[in-house]
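Here is the structure we will look at.
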There are 2 protein chains.
Amino acid sequence: MENFQVTIRELVRCYQAFEQLSNRHIRAMDLTPAQFDIIATLGNTQGMSCRELGEKTLITKGTLTGVLDRLETRGIINRETISEDRRSFRVYLSPKGEVLFENTFTRHLEYIRPFFSDLPEQKLVEMTNTFAELRSKFQD
Amino acid sequence: MENFQVTIRELVRCYQAFEQLSNRHIRAMDLTPAQFDIIATLGNTQGMSCRELGEKTLITKGTLTGVLDRLETRGIINRETISEDRRSFRVYLSPKGEVLFENTFTRHLEYIRPFFSDLPEQKLVEMTNTFAELRSKFQD
DNA sequence: TATTGTTATACTCTATAACTATA
DNA sequence: TATAGTTATAGAGTATAACAATA
């Protein structure tokens with residue numbers, strides 16, 4: 001077994017362990033992971049186009065339409081035509097969506113924070129750098 | 001923004017970047033990520049129960065039945081009753097599945113390997129340890 | 001011609017709970 | 001009573017391609 005395989009396996013395990021506890025909490029707040037992703041991405045912004053939202057969340061455009069439809073039905077987001085480009089929309093959080101964002105995002109951070117409580121700042125910085133370094137291999 | 005949030009973001013980005021290139025290749029080999037996960041887990045083993053397979057792949061039992069059904073239909077896996085416990089099955093790769101495993105697993109490694117080519121062994125070990133350390137926070 | 005977003009297709013995965021058979 | 005696995009339910013995400021409107 002080559003070394004890189006072990007690294008991949010630990011990357012996957014680490015992510016899955018995080019995802020499992022994170023997603024459980026997200027679903028307990030009556031959102032799907034994809035919906036939470038969209039809401040977290042739109043929070044504290046002026047909104048953005050579907051294209052930009054898709055790039056940030058890695059949700060492909062066909063899928064995105066469906067996810068946004070469900071969020072719009074629930075009154076969480078709005079779509080607004082923009083004057084500059086009539087092919088495109090600005091997708092943004094409704095007032096109800098803003099409240100939901102503040103609420104769920106804060107609660108989610110509170111839920112996650114304790115898992116990191118005994119990691120010193122320096123360690124967190126090192127981890128961050130490690131992850132960024134590996135990612136660059138996949139993207140450059 | 002707290003430090004741990006940045007660490008999470010980079011973990012997620014790193015994983016997603018890997019997943020994206022990995023899944024693209026898996027789908028190009030006519031498998032879904034879940035199916036590849038099952039095949040890779042069963043490869044080089046004598047097979048295992050659904051329970052064990054579910055624990056290793058993190059696929060819940062209800063979902064697992066469906067995934068296994070599709071693999072069985074394609075003649076890739078078999079289910080065999082075992083004498084010790086008549087509630088349970090041994091799930092294992094068929095001869096055709098073995099060939100598929102050797103083939104796809106090898107090709108997949110070849111596809112992934114180059115992305116790690118300029119990382120020295122020592123660096124890989126450090127990365128592995130970092131992922132394992134963070135995972136332990138989520139699971140202990 | 002290229003791009004933005006929607007629609008259509010066909011599947012696959014997801015969580016959850018109820019259920020059957022066995023332990 | 002507990003466990004292994006299936007079935008049922010209801011939804012949600014996935015890739016892909018074709019499409020309309022606009023640039």
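Chain A is the first sequence line, chain B the second, and so forth, proteins listed ahead of strands; every chain is numbered from 1. No hydrogens, no waters, no symmetry mates; every other heavy atom, side chains included, goes into these values.
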Rounded to the nearest Å, what distance is computed from the [atom1] atom of residue [X] to the [atom2] atom of nucleotide [N]?
X	N	atom1	atom2	value
A:Arg86	C:dT6	CZ	P	16 Å
B:Phe89	C:dT22	CZ	P	10 Å
A:Asp30	D:dA12	CG	C1'	14 Å
A:Arg27	D:dA10	CZ	P	17 Å
A:Arg70	D:dA10	CZ	P	17 Å
A:Arg90	C:dG5	CZ	P	13 Å
A:Leu31	C:dA15	CG	P	15 Å
B:Glu84	D:dT3	CD	C1'	16 Å

Shortest side-chain distance from [X], nucleotide among [options]:
X	options	result
A:Arg51	C:dT4, C:dA15, D:dG13	C:dT4
B:Ile59	C:dT14, C:dG5, D:dT6	C:dT14
B:Ser88	D:dG5, C:dG5, D:dG13	D:dG5
A:Arg87	D:dT22, C:dC13, C:dG5	D:dT22

### Task
Answer with base, sugar-phosphate or nothing: what part of the nucleic acid does B:Gly66 contact at a heavy-atom distance below 4.0 Å?
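The residue B:Gly66 makes no contact with any strand.
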
### Task
Just call it for B:Arg24: base, sugar-phosphate, or nothing, with non-hydrogen atoms closer than 4.0 Å on any strand.
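The residue B:Arg24 makes no contact with any strand.
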
Does a side-chain heavy-atom distance below 4.5 Å link [X] with [Y]?
X	Y	value
B:Phe101	B:Phe36	no
A:Leu109	A:Arg113	yes
A:Ile38	A:Gln35	no

Is any side-chain N or O of [X] closer than 4.0 Å to OP1 or OP2 of [N]?
X	N	value
A:Thr65	C:dT6	yes
B:Arg79	D:dG5	no
A:Thr32	C:dT14	no
A:Thr60	D:dA15	yes

#### Entry: Separation between OG1 of A:Thr41 and CD of A:Glu55, rounded to the nearest 0.5 Å
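Separation between the atoms: 12.0 Å.
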
### Query
Mapping B:Ala34 and B:Lys61 to their closest nucleotides on DNA chain C, which lands nearer the 5' end?
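Result: B:Ala34.
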
### Query
Would A:Arg90 count as a cation-pi partner of A:Tyr92, with NZ or CZ less than 6.0 Å from the six-membered ring centre and within 45° of the ring normal?
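Pair A:Arg90/A:Tyr92 counts as cation-pi.
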
